[in-house]
K.L.:
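Below is one structure. I have some questions about it.
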Number of protein chains: 2
Amino acid sequence: MDNQLSVGRPTILDVARVAGVSHATVSRYLNKRAYVSEQAATAIDQAIREVNYVPSRTARSLVNRQTRAVAFVVRESPTLFFTDPNLSKMAIGANAALSAQNYQMLFMIIDSEQSAARITELIGGGFVDGVILVAMSLNDPAAQAIANTPTPAVTASVPLPDSLVPHVDTDNAGGIETLTRLLHESGFHTIAHLGGPEHEPAAILRHAGYKKALGPAYDPALVDFANQWELEAGRASMRRLLAAGPEIDAVIASSDLLATGALDVLAEQGRRVPEDVSVSGFDDSDWALRAHPPLTTVHQDSYRIGEELAEVVLRQIDGEDLQGFGRIIPNEVVWRESSGPRSDAS
Amino acid sequence: MDNQLSVGRPTILDVARVAGVSHATVSRYLNKRAYVSEQAATAIDQAIREVNYVPSRTARSLVNRQTRAVAFVVRESPTLFFTDPNLSKMAIGANAALSAQNYQMLFMIIDSEQSAARITELIGGGFVDGVILVAMSLNDPAAQAIANTPTPAVTASVPLPDSLVPHVDTDNAGGIETLTRLLHESGFHTIAHLGGPEHEPAAILRHAGYKKALGPAYDPALVDFANQWELEAGRASMRRLLAAGPEIDAVIASSDLLATGALDVLAEQGRRVPEDVSVSGFDDSDWALRAHPPLTTVHQDSYRIGEELAEVVLRQIDGEDLQGFGRIIPNEVVWRESSGPRSDAS
DNA sequence: CTGAAAGCGCTTACAG
DNA sequence: CTGAAAGCGCTTACAG
């Protein structure tokens, strides 16, 4: 009566032997996609418990050519990732959407060149069915390598250059455009723009929104681009703006961090915010709330962006061709003290 | 001259055909573990580029019986996870240690019953070689199921009941013991303990540390256990303590959150902190810093805990039997305003 | 140094 | 309804 089992973990053959059927029948039972007699079913069910059988994921993946897993790869300093609420909400949103379709999200952190290579091989080697790539900097070899893999991919926030990988992003242009309009309507008329690095897509789009809102009133003398997305670069840029146009009564910065740099310089020079100059940012990050005064900014629905990212990979996994596709998610202006009272406040 | 390639992604057979060798030789070349002639090597190398070959992870895993991946499973509200700096530092530490050994850490979030079942199957099915389990609540079926899998596991923070799964934890008893001693030396003599839920291991250990430090001076009348790790439970417990022993001049709470509840009640009753009563917590979480006044607490090196967690799974993957093993990581008292001036401050 | 062959643990037409 | 057989893409003794 001793059913010899193999040494390692039990396989479908062990179950078959105990149940007294062929392993093909066990497989059919497991996959519920073909008829199995009631009698065989109960025998198999019991055998599964008896030998404590769990199907091998790798064997299944090999024959099915799918893993039902999607990687969420972060090309960022891990600390920054966990700190940035926008990024973590994105991850939570994507996880929920994937989970709902019974896909497992696998969060991976690139924290070294070695890990970048390993993750690229993993993804190129079919360890997952798709990949959501979060990378802030362009021309990043690691990001490029992952995107060039045959595995369906989507990038968050930044469309990769020279690549047809679809991307999902917040409405950079629209957010700033709306903000500019609101400031204008609230009585600010000499509105400067403190942009991000001039060649970065996000900076370009945000500048475009500013320009569009102003229309013919747009004045290039009131625009300056910071060299980096850094506090110090924001300060330098603000100094240039003040030197060029001392009469400005509002500054629209391309990020909360740059706006914080602007606040520093304005304080140095004795300009009051918002009484003398209104300041605003983008992102609605912690910087916006911690600033003195708290910053008007553009808030993005990161959870939703995460969900859309998931949808875009999933559709590609289902065979849809989404080359070059871009999805823009609307955002929302959050009006705070740094812009003074809002004229049209209801 | 047209080398017919199969339709899907190229396989080792395609490489072999193009290079004019057998696929076994290609495999040997890839694994560098047997001699391959220089001539064959260059041909293969070129063929790999030509067909753009990347080895299949699933096929490899199936024959090698290993995936070189370790799951980091979080049984927590995802938001809480990303918010809690202790948890994210743990993840970063584990990721770094695993990565250094060329293992890929796969971060997975349990956010529903469905996902709990899916992840359990994944792990039981050999999708990863090991699992680090972060679960705060005991008797959690999902945690138990994962731990009962044949896959090597380790739990963070909490040893699972009735389980021999190894665990790594901060020195609960030692931290509170040291803290109690320091308070005593600083002139506090009627020191109460506001413990966590009476049957939770962490609460039991912390209480033990308090008791040990006090020795014969220990007085059970000065001890109360909160019903939950919640703010409100901390308040209720503090009220009971004050009712039982109004003369207390220090309260050692089992967590920062419980300590915050204690602060609320003391403020209500007009007792000044630290002038009338010293208050301290455990965790060095945001609660500790945001409290008024900031809380003395026990700080844990979460990054290091993460590294140790990785080491414990890795050793098991390497075949070591670590059943029942527990690793206790030392921690450190952080003295802040809620305890007044420290007598032995250097 | 290198092929042919078996096998890792599954799924799935194909005949019965 | 169910077995036998082939195949998913690799690795690895075993002979040469």
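Here is how names work: the chains are called A, B, and so on, in the same order as the sequence lines, proteins then strands, and each is numbered from 1. All values reported here derive from a predicted model rather than from experimental measurement.
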K.L.:
To the nearest Å, give me how far apart CG (B/Leu13) and P (D/dC10) are.
P.N.:
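Whole-Å distance recorded here is 8 Å.
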K.L.:
Using whole Å, what does the distance between atom P of nucleotide C/dT12 and atom CG of A/Leu30 come to?
P.N.:
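In whole Å, C/dT12 P lies 11 Å from A/Leu30 CG.
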K.L.:
Ion pair present between B/Arg17 and B/Asp14, side-chain N to carboxylate O less than 4.0 angstrom?
P.N.:
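Salt bridge between B/Arg17 and B/Asp14, a charged N being under 4.0 Å from a carboxylate O: yes.
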K.L.:
At a heavy-atom distance below 4.0 Å, what parts of residues 114-123 of chain A sit against DNA chain C?
P.N.:
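Going residue by residue through residues 114-123 of chain A, none turns out to have a heavy atom under 4.0 Å of DNA chain C.
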K.L.:
Tell me whether the side-chain N/O atoms of A/Thr25 come closer than 4.0 Å to OP1 or OP2 in D/dG3.
P.N.:
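For D/dG3, OP1 or OP2 has a side-chain N or O of A/Thr25 closer than 4.0 Å.
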K.L.:
Testing B/Val165, B/Thr151, B/Val73 one by one against B/Ile146 for a side chain to side chain contact (heavy atoms under 4.5 Å, CB included), which residue passes?
P.N.:
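Testing B/Ile146 for a side chain to side chain contact (heavy atoms under 4.5 Å, CB included) against B/Val165, B/Thr151, B/Val73 leaves exactly one candidate, B/Val73.
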K.L.:
Could you check which nucleotide pairs with D/dT2 in any of the strands shown, counting Watson-Crick or G-U wobble with both distances under 3.5 Å?
P.N.:
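Result: C/dA15.
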K.L.:
Could you tell me the separation between the CZ atom of A/Arg28 and the P atom of C/dC10, rounded to a whole number of Å?
P.N.:
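Computing the A/Arg28:CZ to C/dC10:P distance gives 15 Å.
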K.L.:
May I ask you to say what A/Ser27 touches in the nucleic acid, namely base, sugar-phosphate or nothing, with a heavy-atom cut-off under 4.0 Å?
P.N.:
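Touches a base.
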K.L.:
Roughly, in whole Å, what's the span from CD in B/Glu38 to C1' in C/dT2?
P.N.:
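For the pair B/Glu38 CD and C/dT2 C1', the rounded distance is 16 Å.
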K.L.:
Report the relative orientation of the aromatic rings in B/Phe107 and A/Phe107; use parallel for angles under 30°, tilted for 30 to 60°, perpendicular for over 60°.
P.N.:
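Geometry flag for A/Phe107 against B/Phe107: tilted rings.
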K.L.:
For C/dG9, does OP1 or OP2 lie under 4.0 Å from any side-chain N or O of A/Arg9?
P.N.:
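Looking at the OP1 and OP2 atoms of C/dG9, neither is under 4.0 Å from any side-chain N or O of A/Arg9.
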K.L.:
Where each residue is assigned the nucleotide of DNA chain C containing its nearest heavy atom, which of B/Ala40 and B/Ala59 is assigned the position nearer the 5′ end?
P.N.:
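Upstream on the strand: B/Ala40.
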K.L.:
Quick one: B/Arg60 CZ to D/dT12 C1', roughly how many Å, whole number?
P.N.:
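B/Arg60 atom CZ is separated from D/dT12 atom C1' by 13 Å.
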K.L.:
Does A/Arg118 count as lying over the ring of B/Tyr103, i.e. NZ or CZ under 6.0 Å from the six-ring centre, within 45 degrees of the axis?
P.N.:
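That pair does not qualify as a cation-pi contact.
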K.L.:
Could you tell me if A/Arg60 sits above the aromatic ring of B/Phe127, with its cationic atom closer than 6.0 Å to the ring centre and no more than 45 degrees from the axis?
P.N.:
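Cation-pi check for A/Arg60 and B/Phe127: fails.
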K.L.:
Remember a base hit wins even if backbone is also touched, and classify B/Ser22 as base, sugar-phosphate or nothing at under 4.0 Å, heavy atoms.
P.N.:
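It contacts base atoms.
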K.L.:
Do A/Val26 and A/Val21 come within less than 4.5 Å of each other through their side chains, counting heavy atoms only?
P.N.:
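In short, these two side chains touch, coming nearer than 4.5 Å.
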K.L.:
Just how far, in rounded Å, is P of C/dT11 from NZ of A/Lys32?
P.N.:
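It is 12 Å, rounded to the nearest whole Å.
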K.L.:
Show the nearest heavy-atom pair for residues A/Ala47 and A/Val15, with the distance to one decimal.
P.N.:
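Distance-wise, the nearest heavy atoms are CB-O, 3.6 Å.
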K.L.:
Quick one: on DNA chain D, does A/Val21 or B/Tyr53 contact a more 5' nucleotide (nearest heavy atom)?
P.N.:
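By nearest-heavy-atom nucleotide position, the 5'-most residue is A/Val21.
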K.L.:
Is there a side-chain polar atom (N or O) of B/Ser37 under 4.0 Å from OP1 or OP2 of C/dT2?
P.N.:
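True: B/Ser37 side-chain N/O within range (under 4.0 Å) of C/dT2 OP1/OP2.
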K.L.:
Heavy atoms only: give me the nearest A/Val154-A/His167 pair and the separation to one decimal.
P.N.:
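Looking at all heavy atoms of both residues, the shortest contact is CG2-CA, 4.1 Å.
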K.L.:
Starting at CZ of B/Arg17 and ending at P of D/dC10, how long is that distance when rounded to a whole Å?
P.N.:
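Going from B/Arg17 (CZ) to D/dC10 (P), I get 12 Å.
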K.L.:
From the options C/dT12, C/dC10, D/dT11, select the nucleotide whose nearest atom is closest to the side chain of A/Asn64.
P.N.:
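Nearest to the side chain of A/Asn64 among the choices is C/dT12.
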K.L.:
Taking the nucleotide of DNA chain C with the closest heavy atom to each, which residue, B/Gln39 or B/Val63, is nearer the 5' end?
P.N.:
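In this pair, the answer is B/Gln39.
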K.L.:
Expressed as a whole number of angstroms, how long is the span from B/Asn31:CG to D/dT12:P?
P.N.:
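Whole-Å distance recorded here is 6 Å.
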K.L.:
Do A/His23 and D/dT2 have a side chain to base donor-acceptor pair shorter than 3.5 Å?
P.N.:
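Answer is no: no donor-acceptor pair is held.
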K.L.:
B/Leu62 has a side chain; which of D/dA4, C/dC10, D/dG9 sits nearest to it?
P.N.:
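My answer, after comparing the listed nucleotides, is D/dG9.
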